[in-house]
Every structure is written in C-alpha cells, then in structure tokens.
**Q** 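Can you keep this structure in mind? I'll have questions shortly.
We name chains A, B, ... by the order of the sequence lines, and we start the count at 1 in each one. The shown structure was predicted, so the numbers you read here are calculated from the model rather than taken from an experiment.
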Amino acid sequence: MILMGDIYESVMELAKRRGFVWPTSECYGAVAGFIDYGPLGAMMKRKVEDLWRDFYVIREGYYEIECPTVGAEAIYIASGHVKGFADKMCQCPHCREYLRADHIAEAHGKANAAVLSAPELSAFLRLLPCPACEGELGDIEVFDFNLMFETQIGPGSQRKGYLRPETAQGIFADFNRLVRFYRNKLPFGAVQIGKSYRNEISPRQGMIRLREFTQAEAEIFVHPEHKEHPNFALYTDYEMPLLGIVQQQTSAPPLRISMKNAVSRGLVANEYVAYYLALTHELLVCAGVREEKLRFRQHLPDERAHYAEDCWDAEIFSERFGWVETVGIADRTDYDLRAHAAHSGDSFTVFIPFDTVRYERKRRIIPDMGVLGPRYRGKAKQISEALAAADPGEDGVEISVDGERFFIARDLYREVEEDVEIRGIDVRPHVIEPSYGIDRMMYAIFEHRYDEEMVEGEIRKVLRLPPRIAPVQAAVFPLMNRDGLDEIALSITQSLVEQGILAQYDDSGAIGRRYRRQDEIGTPFAITVDYDTLEDSTVTIRDRDSMNQVRIAKNDVPETLRLLINGTLNFDLLKK
RNA sequence: GCAUCGAUGGUCUAGUGGCAUGACUUUGGCCUUCCAAGCCAAUAGCCCGGGUUCAAUUCCCGGUCGAUGCACCA
C-alpha cells in the first residue's frame, strides 16, 4: 500500500537518495535521456542481467557475445536503419512546431505516406493546415530526422559510423562465424547485453525512454520449416494472459491460456515464439515484476513490421506510465539475414545435409567457349551464364542479355544428362528475437516492489526485492555497540563475505533505525547479535517482508543465508 | 521542439530586493537489551548564464533539468 503521493515521485526520490539512479553528470546540469546508476543501482542492474543470463545463456545454451557500440555505416545501411530509422519531419513556418510530415499527409487521406520521398511529401503538404496552429504549411521543407547518433571513425571524416540503435545487428553481422562456432547445426542462438543508443526527439518519463539504454537481446536461428522448440514440453501447460489481435479488436480481456493451446489454436505463430513468451513471463516474475501487472500483447497487423511473422510485447503496468512495452518477442523470419546477405555478398546460410544423399537427373548445358568467347568477347561470360539457365529447343536457343537478344545455335554448346549428387541444402534460418529493455525492467521492479506501511505511527518504506536481485543481500548488526557484540557481528560479516555474500555491517544508531535503513534498499535479511549470543552462540535472523525473527546458530549463518538468497530455503520454514 | 508551471542543505519545506527558516537524514559524543526513542554538537542549501540595482536566492531575459498538454516515440 502506498500511503501518500505519487508512487513515481516516491520511488525515484528513494532511488536517488539511496544511490540507485541519479541524473547524469548533475554538476554540469543533467542531460535528458541519460541516467547514471549509482552504487546500489549498478549492483542491482548487474544482478538483473545475471538472472537474464541464467535463463538465456545457462539454461538455453545461447552463448553471449560482445560487439562494439560503434558500427560502420555499411552495417546500418544493410539493416535498413540508415534509411528506415528516420522520421520525415518538417517545421511549421508559423508556430515553429516540429511535425511528422507523413502523419499529416496520412491524416489528409494520403495512404502509405511513409513511403513518399521528402520532395513528394513537401509537395503534398503545401496547402494543408498545420495541426498545431492551423496555419497553411506552404513552401515547407521535409527532412529526415534519423534517430541514430552519428560519428566519424578515425581522423577527418573518412568513415562514417553510427552508435548502434540495437545490439541485434552485431549478432547478425557475426552470423557466419557463429554458424561455425555452433558446428553448422540449427537451431542455435547468440545473445548480447549492452548499451544501445537512440537520439529520441523528446525523451521524457525518466528511466522509461532513454537515449542510451541497456538491451538484452537473444537472436535464435531456427530452421524455417522446424519451428518446434526442442524443450517446448517445459512450457506446454504454462498459462498466462495473452492479449491477441482478436481480443484487442473486440475489446475483450486477455485470454488466459496454456502455451500448447495458444499454438494449436493459432493464437501464437509457433512453438518458438510461445516458448519465449512463457520464458519471458517466468523471468520477469522472477526478477520481481508483479504477475498481475504483466500481460503479453500481440502486435496488430498494421503495427507489426512487414517482414515479421508474429510479434508480441511483454507489457508491464506502471501506475505512472500505464502499460509499458518492456520486452519484444518477434519471429523476424529471414529478413535480417537476407538483408545482410544482399549487402555483404556472404551467403548467411547454413548447409544442412540430407539424411541420405540424393541424386537428381539433371540436364546440363556446356557452352563451347572456344567459339563463344571470340565471337561475343565482352558479353561472352554473361551469355554463357544465361545459356546455362536456358531451356534449349531442337536447333538452338534464344537468350537475352541486358535486353539484347541472341540466338545461340545448337553447335555452340553440348547438352549432357547426368546424375548430380545432392548432399544437402543451404538454408537461411529464421530469427526468433526476444529483446529486453533492461532499464524499463529496472523501473518496473522499483515501482512494483516499493511499498509503504504504517508501523507505530511512522511510515516504513520497503523495497520488497527478490533476494537474488537485492543489491545488498544481508545486514549484520550488534544489538549494542559494546560488550563484545560488535566483534562477533564483525566476524559474522567476514564469514558471509567469504561465502561471496555481500553483507553490510552497521552499528550506528538504534537497532530499529538500522532495520529501516536496510528495508529501504531492499536488503532481504538482517542478522542481529544480542546478549543471548554470548550465552548460546545463536543470533537472530530477521525477514525483511514479515519483520519476523528466528534464532539460528551463529555458525549456520553463512549456509542458511546462502540457501535463503538462492531460493532453496524459504524463511517461513526456518521457524521450526 | 512548442506552450504552461516549477526548481531553496542528502530529503521535505518556510521565506525574502539587504546575516536564508524548521523538520527529517547523515557524522561524532552521551544514553539505550530488537524495529526511525531521548539529549548535546557538527556537516550541509537559494539550478546555470546574462541584465536591472548600491545590493538579486528574490525582479527581467536566456539556458538546463523536471512535471503537464501538444507533438514525437517500442
């Protein structure tokens, strides 16, 4: 329960004050769209990323790679970002408002205005009113505003580069290496966690829309005809709310449905997409997102990229921002690999051998280059290629090269029939892409796990973080700062550190105050050394969420905490 | 980017054309046998730049950041 005020204000105030999230370079004036993670925020973010790695790297076996954040222009020409990641903008000459040129055109009946060129758009807009001030747009200039940050590689301006707008392209560009790494077998996957950059026109909403943000993306390469996930059994009966296209069009509530049924009813395109919907659901809940504030929404046909076969967003409900898209899960088909193949000249395919070698009877045309060469000179090569693909008649064949027609007589080539051995086929995989916005996850966790309650007339602020995510995992207090209690507490702290547990020792102020300090930063457990400890070598362990305490042997503290933190042991079971 | 509003110790806040309030937090000390107790002390602030003025935290202009609306946006 939140007792007072706007939860966003309360959460961000705490995050700032306790060192989770800070405005960047505050002493020079912060910059919108950029944030710093402070000591606790950076620690917590790393733990969220490690949780993600547990799911994708350890469990799925998709190894992590790391590519530069600066990419050569060619990559983003191929990916379509140089052309497509730009908005057609214009500025109203009267009110100086920046406007989306294609949106105005579409509002006035121009279908598919997004594909028009800048001059075409500017001609179309001439007589239209500005949506902001109603003034006639007149002789208006339409320009591209590309959302990528641009830079130069090397001195001068020899080579143009861009800060990556997504981590995915680095994985695609490494495809041929990855195929070899995974020994030419499908499916395989690679993941990347790192910074991406988008020069947002107007970033607002704190951590939700950043110009520099962290993505965790997986690119899973699958055989286009085999979209059954090998471990689908894990999630066949997993149920979660799906807001499909039909539900959205009929304003129906999300459908709670098992993954098996979602696929068999055609709600979700295939097992791979369904598998990662379920995995994402599990991961987000595990990270601390409230299950009842999480839904999966399918892209409507007009918002889905033309090449995508199916696309879903994991949306997390924020009191402040409404439903926030936090994870995108798409079947991108072979779009990306095809684009990189076309631009780079590499094949971007995997050779898949058949179980048994096949033979096909093929008619092959062998040109007589001894004659064709001298006769057609520069065109000879093209003619021989066209000839190889032609289907000759009785006395010869007519082919065309560059629009010019040639008749090649029967005696200028030989036709042979032969059995050709076909050992396999080059397959261009389809890409299943789950793409996570880590910063949005972080905000959602803060908002969902922040709590206030009234305790003896005081507001108690608690971050109810899952123990795995909490930046500090345990606190150790001497009840009194004397009589040797402090030495015992210090030695317990040391024993925790030796177990790899981040523990904070605190002997400052009243015991209640120390508990509150830890509650605020989400520390799940606190160990207190009191006078009984001197008698029987037990200490109390206090659970953040219930504030209950249980006595355990001092020597059991490191192992007990280890089990509590990794979730093997539940605090309630400690009681007996 | 436009319009409106705002910005005072770490946090919340009072107030002013002339020495800038108070509370909480934090630090040190005293006290204290389990959930922000008490006492003493300390640290720490008027978003930035320019203008008006003898004097600007205060008034004016510009900027930055934040909130809201428009626009934009996965």
Side-chain angles (χ1 to χ4, degrees), chain A residues 4-6 8-10 12-14 16-19 22-34 38 85 87-92 94-104 130-133 145 147 165-166 196 198-206 208-211 213 215 297 299 303-305 311-315 320 323-328 330 435-437 440 453 455-462 477-483 485 508-520 526-534 539-542 544 546-549 551:
Chain A
M4 37 207 315
D6 179 352
Y8 172 81
E9 304 283 344
S10 309
M12 293 315 287
E13 185 274 312
L14 185 146
K16 218 190 279 186
R17 185 162 45 81
R18 297 308 308 269
W22 291 327
T24 195
S25 61
E26 231 179 336
C27 67
Y28 292 108
V31 188
F34 296 91
F85 205 55
D87 293 331
K88 293 270 192 304
M89 307 273 299
C90 59
Q91 190 179 22
C92 172
H94 312 292
C95 64
R96 314 195 63 73
E97 182 86 294
Y98 281 93
L99 306 155
R100 275 289 293 268
D102 52 328
H103 284 197
I104 303 174
C130 165
C133 73
F145 179 77
L147 261 28
E166 58 177 14
S196 293
R198 295 179 189 178
N199 200 2
E200 298 288 350
I201 296 165
S202 167
R204 291 258 189 103
Q205 312 173 316
I208 299 291
R209 197 132 120 261
L210 294 169
R211 288 184 166 128
F213 55 100
Q215 285 187 307
R297 192 181 68 81
H299 278 202
E303 71 182 312
R304 188 172 64 206
C311 188
W312 292 76
D313 282 333
E315 297 185 326
R320 179 53 169 262
W323 289 100
V324 177
E325 307 111 310
T326 304
V327 183
S435 170
Y436 293 62
R440 289 182 171 189
E453 60 183 7
V455 177
E456 291 169 28
E458 296 267 6
I459 295 175
R460 171 173 179 253
K461 298 180 176 181
V462 200
F477 310 141
L479 184 60
M480 291 296 135
N481 195 4
R482 62 182 190 214
D483 301 326
L485 300 184
S508 156
I511 188 78
R513 179 186 300 277
R514 286 179 263 164
Y515 285 135
R516 292 292 180 276
R517 274 202 277 259
Q518 296 297 333
D519 289 340
E520 235 182 19
I527 305 294
T528 303
V529 174
D530 59 17
Y531 283 90
D532 289 357
T533 310
L534 299 175
V539 295
T540 65
I541 173 165
R542 178 243 196 202
R544 174 198 64 205
S546 61
M547 295 197 280
N548 288 335
Q549 286 177 296
R551 291 203 82 85

**Q** Rounded to whole angstrom, note down the C1' distance from B:G45 over to B:C19.
**A**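 That atom pair is separated by 15 Å.
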
**Q** Separation of A:Asn199 atom CG from B:G1 atom C1', in whole Å?
**A**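 Spelled out: CG on A:Asn199 to C1' on B:G1 is 13 Å.
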
**Q** What's the spacing between A:Arg542 CZ and A:Met547 CE if we round to 0.5 Å?
**A**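 Between A:Arg542 CZ and A:Met547 CE, I get 6.5 Å after rounding to 0.5 Å.
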
**Q** Taking atom P of B:A36 as reference, at what distance in whole Å does atom CD of A:Gln518 sit?
**A**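 Distance check: A:Gln518 CD to B:A36 P gives 15 Å.
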
**Q** Taking the same atom, C1', in B:G38 and in B:A44, what whole-Å distance lies between them?
**A**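 Taking atom C1' in both B:G38 and B:A44, they lie 24 Å apart.
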
**Q** Please give, in whole Å, the distance from B:U25 P to A:Ile459 CD1?
**A**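 Those two atoms, CD1 and P, are 14 Å apart.
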
**Q** Hunt down the Watson-Crick or G-U wobble partner of B:U26, both distances under 3.5 Å, from any strand shown, or write none.
**A**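 B:A42 - that is the nucleotide pairing with B:U26, both distances being under 3.5 Å.
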
**Q** By the 4.0 Å heavy-atom rule, please label A:Arg320 as base, sugar-phosphate, or nothing.
**A**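 The residue A:Arg320 makes sugar-phosphate contact but no base contact.
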
**Q** Please report the distance, rounded to the nearest Å, between NZ in A:Lys461 and C1' in B:G10.
**A**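 Taking NZ of A:Lys461 and C1' of B:G10, I get 12 Å after rounding.
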
**Q** In this structure, how many angstroms lie between the C1' atom of B:A36 and the CZ atom of A:Arg514, rounded?
**A**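 In whole Å, B:A36 C1' and A:Arg514 CZ are 12 Å from each other.
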
**Q** Return the nucleotide paired to B:C47: Watson-Crick means purine N1 to pyrimidine N3 with N6-O4 or O6-N4, wobble means G-U with N1-O2 and O6-N3, both under 3.5 Å.
**A**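 WC or wobble partner is B:G63.
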
**Q** Without decimals, in angstroms, what is the distance between A:Glu26 CD and B:A7 P?
**A**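 Distance, rounded to whole Å: 17 Å.
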
**Q** Checking the side chain of A:Thr326 only, and the main-chain atoms of A:Val324 only, is there a donor and an acceptor separated by less than 3.5 Å?
**A**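 Yes, A:Thr326 side chain to A:Val324 backbone: donor-acceptor pair under 3.5 Å.
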
**Q** Under a 3.5 Å cut-off for both contacts, is B:U68 paired Watson-Crick or G-U wobble with anything, and if yes, with which nucleotide?
**A**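 Base partner found: B:A3.
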
**Q** Can you tell me if A:Tyr28 touches the phosphate of B:C65, counting only side-chain N or O atoms and a distance under 4.0 Å to OP1 or OP2?
**A**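 It does not, given that no N or O in the side chain of A:Tyr28 lies less than 4.0 Å from OP1 or OP2 of B:C65.
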
**Q** Hey, which sits more toward the 5' end of RNA chain B by its nearest nucleotide, A:Arg440 or A:Lys16?
**A**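 So the residue in question is A:Lys16.
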
**Q** Ignoring hydrogens and geometry beyond distance, is a side-chain donor-acceptor pair present between A:Gln215 and A:Ser196 at under 3.5 Å?
**A**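 Yes, a side-chain donor-acceptor pair sits under 3.5 Å.
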
**Q** Counting distance only, does the side-chain N/O of A:Arg514 pair as donor-acceptor with the main-chain N or O of A:Gly509 below 3.5 Å?
**A**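 Here the side-chain-to-backbone pair exists.
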
**Q** In this structure, how many angstroms lie between the P atom of B:A74 and the CZ atom of A:Arg209, rounded?
**A**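 Distance check: A:Arg209 CZ to B:A74 P gives 8 Å.
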
**Q** Hey, could you give me the CD1/CZ distance between A:Ile511 and A:Phe477, rounded to the nearest 0.5 Å?
**A**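 Reported value, rounded in 0.5 Å steps: 6.0 Å.
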
**Q** Can you tell me how far C1' in B:A74 sits from the matching atom in B:U57, rounded to whole Å?
**A**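 So the two C1' atoms sit 42 Å from each other.
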
**Q** Enter the distance from A:Lys461:NZ to A:Arg17:CZ here, rounded to the nearest 0.5 Å.
**A**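 The NZ atom of A:Lys461 sits 5.0 Å away from the CZ atom of A:Arg17.
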
**Q** Side chains of A:Lys16 and A:Trp22: does their closest heavy-atom pair fall under 4.5 Å?
**A**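 Contact flag for A:Lys16/A:Trp22 side chains = yes.
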
**Q** Judged by atom type as modelled, is there a donor-acceptor pair below 3.5 Å linking the side chain of A:Asp530 to the main-chain atoms of A:Asp532?
**A**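 Confirmed, A:Asp530 side chain pairs with A:Asp532 backbone.
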
**Q** Output one line per pair: protein atom, nucleotide atom from nucleotides 46-48 of chain B, and distance, for all N/O pairs under 3.5 Å.
**A**
none

**Q** Treating A:Trp323 as the side-chain partner and A:Glu315 as the backbone partner, does any N or O pair qualify as donor plus acceptor under 3.5 Å?
**A**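 Not confirmed, A:Trp323 side chain does not pair with A:Glu315 backbone.
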
**Q** For the P atoms, the ones on B:U53 and on B:C60, what distance do you get once it is rounded to whole angstrom?
**A**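 Comparing P positions in B:U53 and B:C60 gives a spacing of 16 Å.
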
**Q** NA contact type, A:Val31, heavy-atom cut-off 4.0 Å: base, sugar-phosphate, or nothing?
**A**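 Touches sugar-phosphate only.
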
**Q** Could you state the atom-to-atom distance from CD of A:Glu458 to C1' of B:A37 in whole Å?
**A**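 For the pair A:Glu458 CD and B:A37 C1', the rounded distance is 10 Å.
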
**Q** Determine, for nucleotides 26-35 of chain B in 5'-to-3' order, which nucleotides have protein heavy atoms under 4.0 Å from the base (write B), from only the sugar-phosphate (write S), or from neither (write -).
**A** SS----BBBB

**Q** Please give the distance between the P atoms of B:U58 and B:A7 as a whole number of Å.
**A**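 My reading of the P atoms in B:U58 and B:A7 gives 11 Å.
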
**Q** Kindly indicate whether the side chain of A:Arg551, heavy atoms from C-beta on, has any atom under 4.5 Å from the side chain of A:Thr533.
**A**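 Yes - at least one pair of side-chain heavy atoms lies under 4.5 Å apart.
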
**Q** Taking atom OH of A:Tyr515 and atom CZ of A:Arg460, what is their separation to the nearest 0.5 Å?
**A**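 The distance works out to 11.5 Å.
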
**Q** What's the base orientation of B:C19: syn (chi within 90° of 0) or anti?
**A**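 Judged by the O4'-C1' to base torsion, B:C19 sits in syn, the angle falling within 90° of 0.
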
**Q** With a 3.5 Å limit on both atom pairs, tell me what B:U53 is paired to, counting Watson-Crick and G-U wobble, or say none.
**A**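 Across all strands, not a single nucleotide pairs with B:U53.
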
**Q** How would you label the contact of A:Tyr8 with the nucleic acid (heavy atoms, under 4.0 Å): base, sugar-phosphate, or nothing?
**A**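 It contacts sugar-phosphate atoms only.
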
